Every structure is written in structure tokens, then in C-alpha cells.
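The model shown is predicted, which means the values in this text are computed figures rather than measured ones. Per chain, numbering begins at 1; letters A, B, ... match sequence-line order.
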Amino acid sequence: MTNEQLAPPDGDRLIIYVLGSGYGESQVVLFPGPERRCMVVDSCRKTRRGKNLTASLLRKLEVKKIDLLVLTHSDEDHIGGAPELIDDFNPDLLWHSDFVGTMRGLVAKWLRAKPGNKRYLELQSTIERIEWLAERDRTDLVHWNTRPWEHQPSGCIVQAVAPPHSLSATRAFGLDNIVRLNETKNWIIPDEGQRTLNGPQSPGDHPNSLSIALSIQWLSHRILLCGDVETPQWKSVITKLRRGDGHRLDLLRELDVVKIAHHGSNDAFCDEAWRLHLENKQDGEVIVPVTPFNQKAKLPDDVTLENLRERYVRLAITTDVGGAFDRAKSSQWELITASAPMCIDGQCMVVVTLHRDGSRSIQATRDAGLFSCPPRPSPVEYLFWPN
Amino acid sequence: MSTMSSSRIVNAGWVPDAVGIPIFRAFGDMDDPLRLTVLIADCLAHESRQLREDAEACKQPGTTWAERLYHLKRILQRVPRASMRRYVGAIVDFDALHTRRPKGAKLWRDRDLRRQRREFFDCLCNAIDAGGWLVLRPNVTDEVSAELPDGLVRASVNIAPIAKKGIDCSIRKISSDVRPVLSWLVEERKVLDVEDVEEISREGTAKLETYILMLAYELLKPSVRAAGRRLSVLRGPQERNGSMGGFVVLPVDPAANTDESWQMADAADRLGALGVVSSAIDTLQACGFIQHVQSSEDGAFIHIPRRIRTFLRRLARIESPTAWSSDNGRLARDVLEQGEPYFQKLPLAAQLEVHQYAIQSDDVEMAKRTAKYYGTDLREIAYRLSREGRFADAANVYRAIVEQFDASDAYAWEYFGFNLAREADRRSSQGGTELTDDQRQQIREAYCRAVAEEKTDNPLYSGRLLGFRAQCGEYVNVEFDERMFSYQNSRWKDTARGYFARTVFDGLIRGGRHGERDELFNLWRRELQGNRFFEAVHDE
């Protein structure tokens with residue numbers, strides 16, 4: 001597949017590349033127009049060969065500059081490649097949700113204890129880049145009520161729907177307690193706090209609660225990129241979007257594409273949210289890309305696969321790691337090879353194209369899988385279902 | 001002749017009523033009791049010869065805490081109130097003096113420090129009850145409200161400096177230190193709305209306040225955050241007049257990479273001064289991290305309120321303890337390099353701040369040199385030295401505390417002995433000589449003195465003493481059993497047994513008496529197994 005096919009230079013289509021090869025996840029949204037302007041959500045992490053797949057794709061797409069880079073939350077599989085993206089594609093604006101200024105202090109402490117630790121060095125490197133942009137007023141700490149960002153001239157509107165402030169406050173309180181422990185002359189301090197203060201615990205307490213979820217609107221198309229938002233957060237988000245006349249709840253309704261949250265874990269599948277997503281939608285109209293986590297994790301979860309099948313969406317799994325394809329088949333999903341599988345070296349991704357006339361198409365690389373589910377039974381058949 | 005009015009409480013950082021009367025500020029730091037004792041004594045004692053004698057006793061470096069407290073009480077009782085037209089003085093941030101035990105921990109190690117704080121707090125509460133004090137509470141806590149005279153608390157005046165009316169209800173409990181920051185977030189930056197604030201406040205004021213500070217901090221540029229962290233070394237109000245505290249205010253950022261900025265950086269470097277960029281101070285003021293305060297009739301001053309300073313200081317210390325101590329050292333040296341006469345002529349409060357800088361700089365000699373009135377804060381340096389494994393240095397500092405300052409300091413005696421013992425262990429494990437009789441005697445005396453000076457039984461101190469005796473070969477099993485039985489009725493039964501048994505067992509192991517240790521453990525297995533204090537604590 002040539003570069004031209006990858007990104008047709010016209011103003012009639014918006015393309016979403018959902019990357020997920022078991023080395024983190026990322027979504028690249030190529031805005032309509034010949035300038036190859038884009039936003040990038042998350043940054044994957046480096047492969048064993050030290051390659052960042054998001055950066056490779058951007059180079060292949062001949063993107064020179066990122067308009068908006070969104071780091072949904074501070075888990076390694078989402079921010080691992082951020083330094084490279086910032087260095088090479090100089091984003092105009094960066095959205096993040098974590099407490100970078102506070103994390104900076106903790107990471108400095110961890111590094112004093114273990115100067116060569118690769119993970120801490122990566123974190124420090126990411127924080128330094130974010131701060132470099134922050135010093136130039138090119139960052140924003142994002143919450144559900146942050147002012148939307150608009151891409152001109154396409155008129156594409158990007159809006160955060162999560163995290164809510166209440167969960168952000170919980171995270172802030174947790175981090176502050178850990179920083180406080182540094183000054184406490186205690187022998188006995190809470191185990192988790194001590195592990196986080198001194199390093200071995202993964203940074204912070206559950207950064208998923210801070211994950212950004214994004215709504216993108218272009219013409220009549222609506223896309224939801226869910227980061228790692230989990231069920232309690234969804235419930236809080238829905239309550240907040242209902243405030244006032246509730247018009248912001250429309251951001252979760254009548255969607256064309258939902259990048260499913262948290263690699264399709266059971267914890268991230270919120271029934272209430274999905275009821276909204278599928279309102280007024282016909283079978284198979286909603287495209288649901290999902291990015292498996294790694295070989296060990298059984299993600300997407302079996303229950304999520306079942307839940308999705310019952311909702312008659314179009315499933316696209318970016319790679320077959322952790323037995324994802326087999327488990328989808330066990331949940332009665334049918335693997336259909338895309339009519340023209342793309343061949344982009346080493347990339348595992350799903351490409352969704354939204355057209356000006358309201359139509360959509362979906363393609364997958366050779367390692368990714370597109371799935372269909374059996375047709376919804378007619379009312380008569382339903383009487384006998386599932387026998 | 002007017003009679004003395006009753007005390008008055010205002011829930012704010014400062015009020016015009018405070019102008020013209022002596023102001024005493026609590027910082028929530030370890031030095032509060034001694035620093036304020038010295039300042040109150042010095043300020044109120046010029047009324048009569050008898051008070052002057054009490055004040056002198058309060059200011060002598062060798063006076064014990066008990067003696068100081070006695071003299072302070074006399075001063076507070078005898079200050080000639082009837083002759084005063086207004087308040088005796090104002091205590092700012094009274095809530096910072098309250099003793100709080102770290103959450104979830106029933107610790108024995110800092111008990112005498114907390115007792116000292118408690119005694120000072122009670123002493124001031126009595127004085128307030130007697131009348132004549134203006135009590136300013138920018139950070140109102142329920143614990144302190146419960147201890148102040150009920151009538152005064154009910155009559156206290158609230159000041160809520162926030163313009164937006166809709167948010168008033170939800171912030172009623174937010175400290176006045178934090179309100180300007182909330183105002184900035186809601187009205188200026190518009191990142192928080194009233195409903196968000198109310199939702200978070202339902203989960204607790206502490207959580208809301210922390211979030212307000214952290215959110216505001218994250219919204220600042222990194223260079224402004226860095227300036228805030230640096231300025232958090234300054235405690236009281238500061239005049240901004242080409243400098244702020246010991247910091248030179250630079251009109252241009254040296255990092256801006258312009259001709260002017262280079263000249264500025266060069267000039268600041270030649271002056272050897274700590275610099276902070278003017279625009280950073282402006283931003284910190286705009287967001288409420290730095291606030292105006294009227295500290296005297298001379299004019300307006302600015303300061304970082306305690307709640308915000310604590311927040312910034314923690315971040316500064318976790319990120320770079322060396323930068324923190326270096327900045328403090330620089331501030332102390334800037335004064336001391338101008339000579340002893342200059343230091344002596346400084347106002348008393350300024351001298352005490354220099355001592356605090358020296359303490360925070362970890363420079364033992366400078367800290368000793370500036371300890372003109374008390375030396376208890378040297379514990380902080382000694383503690384850090386001990387944690388770094390520099391036991392001999394730590395022991396020397398503790399020795400200085402008990403020999404030159406407060407001979408009744410149980411904590412210093414305890415850790416004098418402890419660090420001597422650890423140093424001896426370290427040498428022995430490195431193939432050096434075993435404990436000499438003199439060393440044994442010295443350690444034992446220090447431990448005994450700690451137990452004697454501690455007014456009530458401290459299982460940690462008792463355990464260490466018994467453990468050391470066991471290490472030296474004494475038979476301690478009977479005493480061990482007696483103590484363990486006695487803790488049966490203790491309020492903190494598990495904690496006491498855990499600390500006591502662990503320290504005794506560590507002593508037995510150091511003495512190579514594993515059999516006796518096992519024997520005792522088997523006897524007390526039921527009480528000790530699963531005791532998290534016993535399992536978690538190691539006397540290292």
C-alpha cells in the first residue's frame with residue numbers, strides 16, 4: 001500500500017488510525033484537507049527493537065507537525081513514546097490530565113534511589129518534554145469541562161468528556177499523601193504509600209481514574225476515543241454531562257466509532273454508556289476498534305466480547321495477542337478478512353475512514369482482524385433463541 | 001483606666017485590628033513552642049522587672065523546657081493587662097500549634113515532642129481564656145475549635161474573601177489561606193465551577209483544599225512552580241522592595257536568553273545572591289499562592305500562607321533535598337558573613353529565622369553557632385544524619401543538645417545512646433573492636449537518662465534500654481515478662497508490646513543470645529505473632 005492510499009490528500013475524508021500491537025496504544029486522526037494536519041491520542045511505547053509505531057506511522061504519512069497531542073493518562077503503554085513524538089513532531093498543543101508538577105518530584109526521588117532505572121528515566125524524559133511545552137503555554141490540564149479545541153478549516157471539534165474533577169481530586173489527594181510521607185518520621189507508614197514513595201509501586205494510584213476520553217465531531221460524524229476510562233468514571237461522567245439541559249450528553253450518543261476503553265477490560269465496559277452510544281443506531285453501524293494489551297493479559301475480556309456481540313457492533317481487533325482472535329471466535333464473532341488488507345511494515349492497526357457524504361469504511365492491516373457477529377434474530381426467531 | 005477586654009477570634013490571616021499590637025505567628029513547624037516562647041517572653045516582659053527576669057530565663061539556651069514553660073506561664077499570668085488599652089498580642093494561625101499524630105500510627109518516638117507542643121498549646125489556651133488576646137485562624141480545624149473557649153468560638157468572625165456569591169456556601173469551611181486560590185481557579189481561569197467545588201467538598205474539606213492547591217500549581221508554568229518551591233523557605237511576611245526575604249528580585253528572567261537577561265544573571269551571580277524573577281512573584285500573587293498581609297503599621301507585606309507554604313515545601317524537599325538545604329544554607333550564610341555584631345543586632349524574630357535556615361541547611365556548625373536561645377531544633381539535623389547512617393555525627397549533635405542546651409530532653413538522650421550503640425555495632429561488624437566498658441557505660445547512661453526524663457513509660461525507650469542490657473549479657477527475661485504483662489492494660493496494648501518486644505529481641509540478637517530470644521518469643525507467641533508493630537519495626 002502506498003503512502004497516497006494511506007492518506008488521500010483531499011478534503012472529503014477524515015481518517016482514524018487505531019494502533020495497538022501489544023506495545024501500547026495510540027490513535028492518529030488525520031484531518032480532512034491536503035495539509036496532512038493531525039491529532040494524536042497517546043503514543044504507544046517502544047517495541048523491543050526500540051521503534052515507536054506512532055512515530056513510524058506519522059513519518060509514513062509524511063506528517064511534519066502534530067496539531068494536538070493528547071496523553072490520556074500516565075500509564076506507560078499510553079505515554080511511552082511521547083518524548084519522540086514531542087521531539088520530532090513539535091506539537092502545537094498538548095493535552096494531559098495528570099499532575100506532572102507533582103509527579104516530577106516523585107520521579108526525582110525514585111531516580112535518586114535508583115539512578116539508572118529505565119522506567120524512571122523514561123518518565124523523567126516525558127515530564128521534561130511536557131514541561132518544556134508548558135513553559136511555552138502549549139499545554140493544557142484537561143478535564144470534562146475544558147474548552148473544546150477546533151481544527152480549522154475542517155471544522156472538526158475535539159472535546160474532552162472525562163476525567164471529572166471529583167476523580168481528579170481523589171488522585172490529587174492520594175499523591176499529596178504520598179509526598180507528605182516523605183517528611184513523616186514514621187517507621188510504620190502504609191505499605192502502598194511507602195512502595196509508591198520509594199519507587200517499586202507503579203507511579204501513582206490508578207491513573208486510569210484520570211484518563212481523558214475524547215469526543216470528535218466532524219459534520220454528522222461522531223467519534224469517541226475512550227482512553228482507559230473505567231466504569232465508575234463513566235458513571236460520574238454521565239452524571240456531569242446531564243447537568244443543565246443535558247445537551248452535552250449528546251457527545252456520547254449516535255456514535256460512528258468508539259475506540260473501546262482500557263483494551264476492552266470488563267471493568268471498562270459500562271452498560272449505561274453503551275446504551276447511549278447505540279441510541280438510534282442500526283445493527284453494525286457502530287465501529288468498535290479494540291487494542292489488546294499484551295501476550296499475558298487476556299484482553300479484550302471475554303465478558304466484554306460477549307457484551308459487544310449482544311449489541312451488534314462491528315468489532316475490529318488491532319492485533320492477535322493474548323489469544324484475542326480465538327476468544328472473539330469463542331464468543332461467536334466471525335473473523336472476516338478485510339477485502340484489501342493493508343501492508344504497512346510491522347504495524348498492527350485498524351483504519352476507519354469517514355466520508356463527507358456520511359459513509360464510512362474500515363480496513364485492517366494483515367495482523368489485525370475485522371469481525372462480524374451473527375445477524376440479530378427476528379422477533380419470531382427470538383422466541384426460540386438461543387436454542 | 002480601661003479594663004482588659006476578653007479575647008477575640010477571627011477566622012482569617014490578618015485583620016486591621018492586629019495593626020499596632022505584637023504579632024506572634026505559628027508556622028506549624030517543630031520550632032513553634034520554643035520560638036514563640038522566646039518571642040512572647042521578649043516582647044511582653046518589658047513591663048516590669050519581675051517579668052524581665054522571667055523573660056531572661058526563657059531566653060537562656062540552657063533552660064530546660066519545663067523551666068521555660070514555668071516562666072512563660074508566669075509572664076502570661078502577670079502581664080499587666082489593666083494598663084493595656086488593646087490586646088496583649090495577636091496569635092496568627094493558632095491551629096498550627098495543635099498536636100496531630102500522623103494518621104494510623106501510635107508512635108512512641110516523637111512523644112515528648114508532641115508533649116512539648118501540647119503543653120505550649122494548653123498554656124496559650126489558658127492565656128486566651130483569661131482574655132486580652134486576638135486569635136487569628138486562617139486554617140480553622142475542628143480539633144482546635146473544640147479546645148478553645150466555647151463562647152469565643154461561637155462569637156468568632158468569619159471573613160471569606162471571595163467575590164462569587166454562588167460559591168460562598170460550599171467554601172465556608174475552606175481555610176482563608178486557600179480561598180484566594182479557589183477564587184483564581186473559579187473566576188479567573190474558569191477551570192472549576194461551583195458544582196464541581198460542591199461535589200468535591202462533600203468528600204471533605206481537606207480533599208478539596210489539596211485539590212485546589214494541586215490544580216492551581218499544575219496550571220502554573222514550570223518556572224513559576226520552581227520559584228514557588230524556592231520561596232517556600234521563607235516563613236513570615238516579607239517586604240517586597242528589590243528583594244523578598246533573602247532573595248534578590250530579578251526584573252528579567254536570566255533564562256530568557258537576551259542581552260538584558262545575561263547581564264542580570266551575571267550581576268546576580270557576582271552578588272552571590274539567590275534570585276527569583278519578578279514576573280514569577282507576580283504570577284504567584286495573582287493565583288493566590290503569595291498573599292498580602294498587614295504585619296505592622298509600616299506597610300503592606302506579602303507572604304506565602306502556611307497551608308500553601310507547607311504544600312510547596314513538601315514538593316521542594318521531595319524533588320531536591322540538596323537544593324532545599326543549599327538555599328537555606330545560603331540564606332543563613334548571607335547574614336552570618338556580615339559578622340557577629342550584625343547578627344546580634346537583628347530583631348529577635350529575624351535571628352530565630354536565621355537559626356531555622358541553618359537547621360534546614362543541615363550545617364551542624366552553623367546551626368550551633370546560630371542557636372542563641374535554644375538548641376532543640378538540632379534534633380532535625382541529628383535525625384537526618386542518623387537516617388543516613390552517620391551515627392557518630394548524629395551522636396555528637398545529640399550530645400551537644402543535652403550538654404549545651406536542654407539537659408532534660410528525653411528524646412535527645414535516647415538517640416544519643418541509640419546512635420552511639422549503632423556506631424559501635426557498625427565498627428564491630430567491620431572487624432573493629434568490641435564495645436569498651438566506657439562506651440557501654442555511656443550508652444547505658446544515655447538510655448537510662450532518656451527513660452528517667454520521659455515523664456511516663458515509653459515502651460520504645462524501655463525496650464531499647466532492656467535490649468542493650470541484654471546485648472551486654474544481662475539476664476532480662478523476668479523484667480521482659482513483667483513489662484509485657486504491664487502493657488496488658490495499656491490503651492495501645494499491641495503497639496506497646498510490639499515496640500517493646502522488638503527492641504528487646506534486637507538487643508538479644510545483637511548479643512548473640514538467640515536461644516533466649518526464641519524462648520521469650522515462644523512464651524509470648526500469641527501476643528506477638530501477627531502484631532504488625534512487632535513485625536514491621538526493626539531497631540535499625
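The distance from the CZ atom of A:Arg180 to the CZ atom of B:Phe311 is 11.0 Å, given to the nearest 0.5 Å.
Both the backbone and the side chain of B:Ala206 come within less than 4.5 Å of a heavy atom in chain A. When heavy atoms are compared at a cutoff of 4.5 Å, A:Asp176 approaches chain B by way of both its backbone and its side chain. With a 4.5 Å cut-off on non-hydrogen atoms, A:Arg147 does not touch chain B at all. Looking at B:Leu219, only its side chain comes within 4.5 Å of chain A, counting heavy atoms on both sides. Residue B:Arg313 touches chain A through both its backbone and its side chain, counting heavy-atom pairs closer than 4.5 Å. Neither the backbone nor the side chain of B:Glu209 comes within contact range of chain A; no heavy atoms are under 4.5 Å apart.
Between A:Ser166 and B:Ile200, the shortest heavy-atom contact is CA-CG1, 4.0 Å. When all heavy atoms of A:Glu131 and B:Pro222 are compared, the pair lying nearest together is O-CG, 3.4 Å. Nearest heavy-atom pair, B:Arg225 versus A:Gly101, reported as atom, atom and distance to 0.1 Å: NH1-CA, 3.4 Å. Residues B:Asp193 and A:Asn145 share a closest heavy-atom pair of OD2-ND2, 4.2 Å. Closest approach of B:Ile318 to A:Arg112, counting heavy atoms only: O-NH2, 2.7 Å.
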Please report the C-alpha distance between B:Glu319 and A:Lys109 in whole Å, then the side-chain angles of each, then the deciding distance to 0.1 Å, and finally whether the side-chain contact (heavy atoms from CB on, under 4.5 Å) criterion is met.
CA-CA 6 Å; B:Glu319 183 167 331; A:Lys109 180 177 167 58; over 6 Å; no
With side-chain contact (heavy atoms from CB on, under 4.5 Å) as the criterion, how do A:Phe173 and B:Leu208 come out once you've worked through the C-alpha distance, each side chain's angles and the decisive distance to 0.1 Å?
CA-CA 8 Å; A:Phe173 199 56; B:Leu208 177 59; over 6 Å; no
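No side-chain heavy atom of A:His165 sits less than 4.5 Å from a side-chain heavy atom of B:Glu199. In this structure, B:Lys207 and A:Thr170 have side chains that are in contact, with non-hydrogen atoms separated by less than 4.5 Å.
Within the 3.5 Å criterion, the main-chain N or O of A:Thr102 finds a donor-acceptor partner in the side chain of B:Glu218.
Counted within 6.0 Å of NZ on A:Lys65, heavy atoms from surrounding residues, nucleotides or ligands total more than 12; the atom is thus considered enclosed.
Residue-level contacts of residues 133-143 of chain A with chain B, in order of numbering, are A:Ala134, A:Glu135, A:Asp137, A:Leu141, A:His143; threshold 4.5 Å between heavy atoms.
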